[in-house]
Amino acid sequence: MEPFGDPPQPVPYIEVRDGLRARISREAFYQLVDWAEERAGDNCGQLWLHSDGEEFLLGEY
């Protein structure tokens with residue numbers, strides 16, 4: 001999530017490849033959250049996605 005607009009509101013972004021970031025809709029973000037697996041991280045919770053044998057950190061809370 002990154003701030004966007006005036007006043008700033010949190011907007012979801014994902015890294016596509018090689019540092020290229022793409023803004024995604026909230027609906028798509030919520031779908032990713034539904035698919036994510038919760039794990040304990042260092043002093044926080046984490047959401048992880050699995051795809052094609054790899055794992056991706058969706059976010060921390």
Side-chain angles (χ1 to χ4, degrees):
M1 304 295 272
E2 296 180 14
F4 181 82
D6 187 31
Q9 297 292 317
V11 175
Y13 284 83
I14 60 171
E15 183 175 336
V16 180
R17 65 179 175 275
D18 299 327
L20 177 64
R21 298 179 53 78
R23 182 175 169 178
I24 62 172
S25 70
R26 288 192 188 277
E27 293 80 12
F29 180 74
Y30 291 140
Q31 185 66 57
L32 292 174
V33 170
D34 283 343
W35 293 337
E37 171 189 319
E38 287 187 75
R39 293 188 196 163
D42 296 332
N43 301 318
C44 65
Q46 297 178 331
L47 294 173
W48 287 86
L49 293 171
H50 302 272
S51 179
D52 195 27
E54 295 193 41
E55 295 182 322
F56 303 92
L57 178 62
L58 182 60
E60 298 178 320
Y61 58 94

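Nearest approach of Pro12 to Ser25, heavy atoms of both residues: CG-O, 4.1 Å. Smallest separation of non-hydrogen atoms from Ala40 and Gln46: O-OE1, 4.5 Å.
Residue Val11 is found in a hydrophobic cluster whose other members, listed by chain and number, are Phe4, Tyr13; membership requires side-chain heavy atoms under 4.5 Å apart, directly or through intermediates. Under a 4.5 Å side-chain heavy-atom cut-off, the cluster of Ile, Leu, Val, Met, Phe, Trp and Tyr residues that includes Met1 is completed by Ile14, Ile24, Phe29, Tyr30, Leu32, Val33, Trp35, Leu47, Leu49, Leu58, Tyr61. Other cluster members for Trp48: Leu57, joined by side-chain heavy-atom distances under 4.5 Å among Ile, Leu, Val, Met, Phe, Trp and Tyr.
Evaluation of the salt bridge (Lys or Arg N to Asp or Glu O under 4.0 Å) rule for Glu38 yields no partner, not counting sequence neighbours. Taking Arg21 as the reference, Glu2 meet the side chain to side chain donor-acceptor pair (under 3.5 Å) condition, with sequence neighbours excluded. Here Ser51 pairs with Phe56 under the side chain to side chain contact (heavy atoms under 4.5 Å, CB included) rule; sequence neighbours left out. Evaluation of the salt bridge (Lys or Arg N to Asp or Glu O under 4.0 Å) rule for Arg39 yields Glu37, Glu55 as partners, not counting sequence neighbours.
Atom-to-atom distance recorded for Glu54:CD and His50:NE2 is 12.0 Å, nearest 0.5 angstrom.
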